[in-house]
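Worksheet for the structure shown next.
Every chain is numbered from 1, with letters handed out A, B, ... down the list of sequences. Computed from a predicted structure; not experimentally measured.
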Number of protein chains: 2
Amino acid sequence: MSKKGARRHASGGLTMADLAKLAGVSKITVSRALGNSPLVNPQTRERIQALAHERDYKFNISARNLRLRRSHTVAVIVEMKPSTDRTMFDPYPLVLLGGISQELTAAGYSVLLTTRQGASAAAVQAADGLILLGQGAHQDAVRRFDKLNLPMVVWGAPSASDAHVVVGSDNRLGGAVVARHFIALGRGRPVFIGNPSHPEIFERLNGFIDALAVRGIKPLLMRRDEFTVDSGMDAVRSLHQRKVGFDAIFACNDLLAMGAIRATLDLGRSVPADVSVVGYDDMPLGASFLPPLSSVRQDWQEGGMLLARKVLALIEGEPASPESLPVSLIVRAT
Amino acid sequence: MSKKGARRHASGGLTMADLAKLAGVSKITVSRALGNSPLVNPQTRERIQALAHERDYKFNISARNLRLRRSHTVAVIVEMKPSTDRTMFDPYPLVLLGGISQELTAAGYSVLLTTRQGASAAAVQAADGLILLGQGAHQDAVRRFDKLNLPMVVWGAPSASDAHVVVGSDNRLGGAVVARHFIALGRGRPVFIGNPSHPEIFERLNGFIDALAVRGIKPLLMRRDEFTVDSGMDAVRSLHQRKVGFDAIFACNDLLAMGAIRATLDLGRSVPADVSVVGYDDMPLGASFLPPLSSVRQDWQEGGMLLARKVLALIEGEPASPESLPVSLIVRAT
DNA sequence: ACAGCAATTGTTATCGGTATCTTGATACCG
DNA sequence: CGGTATCAAGATACCGATAACAATTGCTGT
């Protein structure tokens, strides 16, 4: 019973040696023909390629990998807990993945997707390079993968202390852009909603604070750990209960922003007349929200592609440097 | 310049032969020790494992794969166009992936993520099995992968004609459940919004129609290709312009449902007093929508795990049959 | 006519593991 | 005490591709 399935895979196909025998040449000639090497006669090449196609010959990648000592594979390690984790349900990592995948594929590489736990599962070691996604990446995880001694690129907020190539969008700029927007609108009592224990969000907060400081404005920090609509509503209600005045809200995520707007409206105040609100991530839904949400947009797709290009560079032995991607403020109705 | 990076990867580590020399045994003994084979003396095993750890020995997966003719890898092929494609920006495939990944990892397998274009990129051939995600999967793509002759499982709507193992959530049931909900509410003029050229959505529509037919009710089909809020609003406005009466809406996606609700409210009608609305997918945001959205929930996580289990079964040569996952109607305020 | 060169193809070794078959040593049995 | 069972470890032969080097052929130039 277990034979059938296994055998189909195991010895289903011909090898180069088989093809060689069929074509009356040696294996190496077959190898060269299939690899489009200039070392074979064009006619021979044609003949062998045709034969290979006809007989449905399939490459044995493992053999090639072994011989070439290269797998043409990059492992992408994602923080992906099955629990109620943010990362897992957000569409963004997927877009990031899309960018990575697109770029790697174009370069003839494959993507080995792994979770942190699964990363021990051997196969990662066969990769030519590593990409780390997920906010926790900076702390302990990085070290574990460091010692694999593979070309590695990390997505996140760069910190002075790390020695690896970090690519991320410019969160500090994101915060600053919003701050300047508020200043331009003449807002003087801004609130920041979010969880600054995430390095990326910490950066947003810092950019926000610093840019506001230019005008002597100090924002209020409403720490909220969840990235949900409810959490955003709760934050604003809590402000109200404490009778704290505010005329602008920077939520570090669009869902929080939506919640904040809703709670603000519920309290009888107008958005944007009384309170300006800006979110982060510019999720597709934001444009259809009522009122249409202003938000900071990150180019995830491009981020993924950049990550991919950096690993590829490292794999080729070329240098690669950390890089921050610009973000843009999309001003809508709020 | 290109040497440094390449070399680091290529010949950085020791081989079993090296370890063997160091330990004064033969390489096969090392192999056994590291593989926890009962064929070595426990003491020897300890000693070798300690040595391996100390010297930071790294397995060469390619070599093992070649010898064992197994890669312990499953390729997941995703429809992931960089264009404005639905799949790419939806969080659901990621959840599906999460389920797959979790289950495969637990079984000691890795996930090779590939897009359709990239699927030609060699590495797929090295996989022990295949999982196809993405709505287009049924048509042409399947055949291409069929001839790889690998254990394969497809996510989607089962159709009588296909010969492969299809796993999906029970879309027909999803439609039926909504129909019964409307019937129970006494609604007699239901509308379906969505794009039935997707096989999965076609099923939802059919389930909806059939279950309504029991009461002699015929729903109106508002075909809309985009899965967006705007598209949902547009559908309802169009109904209104054409002066079509309706008292219930089944949108094949939550965003469409939200748009439909908004447009309905804009037109001065009440939800749910005048019009009942049910969406599909039960996205997290739905619960926070105003009014909280009723929706059909699919268990994507479980779906992913099921897909994984089926391929694993096939890989082991065991039989596997198509399967539909139950869905559940989450009744909220609409 | 023969060295010299280019174009093709072949021979051999090797990548780093593991399966199979043997061998050596020790223990156990009647 | 001879013979067999048991355990531990080694020798050898692969898995299927490719690199390095070698060999063959035909053609060129002087």
[X] [atom1] to [N] [atom2], straight-line distance once rounded to whole Å:
{"X": "A:N60", "N": "D:dC15", "atom1": "CG", "atom2": "P", "result": "11 Å"}
{"X": "A:D18", "N": "D:dA17", "atom1": "CG", "atom2": "C1'", "result": "13 Å"}
{"X": "B:H72", "N": "C:dG17", "atom1": "NE2", "atom2": "C1'", "result": "14 Å"}
{"X": "A:I28", "N": "C:dT11", "atom1": "CD1", "atom2": "P", "result": "12 Å"}
{"X": "A:L14", "N": "D:dC15", "atom1": "CG", "atom2": "P", "result": "14 Å"}
{"X": "A:R45", "N": "C:dT9", "atom1": "CZ", "atom2": "C1'", "result": "14 Å"}
{"X": "A:L34", "N": "D:dA17", "atom1": "CG", "atom2": "C1'", "result": "11 Å"}
{"X": "B:M16", "N": "D:dC14", "atom1": "CE", "atom2": "C1'", "result": "16 Å"}

Report summary line: Test side-chain contact (heavy atoms from CB on, under 4.5 Å), reference A:L133, set A:L307, A:L113, A:V154, output is A:L307
**Report entry** Side chain of A:L39 - closest among C:dT9, C:dT18, D:dG16
**Finding:**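 Looking only at heavy atoms from C-beta outward on A:L39, the closest nucleotide is C:dT9.
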Requested in this report: Report the nucleotide, chosen from C:dC15, D:dA9, C:dT9, that has the shortest atom-to-atom distance to any side-chain atom of A:T29.
Outcome: C:dT9
Test for a donor-acceptor pair under 3.5 Å between the base of [N] and the side chain of [X], counting only N and O atoms.
{"X": "A:R67", "N": "C:dG16", "result": "no"}
{"X": "B:R32", "N": "D:dG10", "result": "yes"}
{"X": "A:K27", "N": "D:dG16", "result": "no"}

Under 4.0 Å, counting only non-hydrogen atoms across every strand here, what does [X] touch: a base, just sugar-phosphate, or nothing?
{"X": "A:R64", "result": "sugar-phosphate"}
{"X": "A:S62", "result": "nothing"}
{"X": "A:L68", "result": "sugar-phosphate"}

When you check the phosphate oxygens OP1 and OP2 of [N], does a side-chain N or O of [X] lie under 4.0 Å from one of them?
{"X": "B:Y57", "N": "C:dG16", "answer": "no"}
{"X": "A:R69", "N": "C:dG16", "answer": "yes"}
{"X": "A:S26", "N": "C:dT9", "answer": "no"}

Query raised in the report: When the nearest nucleotide of DNA chain D is assigned to B:N41 and to A:T15 on a heavy-atom basis, which residue is associated with the more 5' position?
Result: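 Final value for this comparison: B:N41.
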Query raised in the report: So do B:R32 and B:R45 actually touch side chain to side chain, heavy atoms under 4.5 Å?
Result: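 B:R45 does not reach B:R32 side chain to side chain.
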Query raised in the report: Are the charged groups of A:R144 and A:D146 less than 4.0 angstrom apart, N to O?
Result: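 Salt bridge: no.
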Query - Lys/Arg-Asp/Glu bridge criterion (N-O < 4.0 Å) met for B:E316, B:R70 - result: yes
Requested in this report: Measure from the side-chain N and O atoms of A:K310 to the backbone N and O of A:S321, and report whether any donor-acceptor pair falls under 3.5 Å.
Outcome: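 The answer is yes, because a donor-acceptor pair under 3.5 Å joins these two groups.
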Query raised in the report: Any donor-acceptor pair under 3.5 Å linking the side chain of A:D128 with the backbone of A:H72?
Result: yes
Report task. Provide the Watson-Crick or G-U wobble partner of D:dG10, both distances under 3.5 Å; none if there is no partner. Result ->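 Check on D:dG10: paired to C:dC21, both distances under 3.5 Å.
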Report task. Select from A:T44 and A:L66 the residue whose nearest nucleotide in DNA chain C is closer to the 5' end of that strand. Result ->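 Its nearest nucleotide being more 5', the pick is A:T44.
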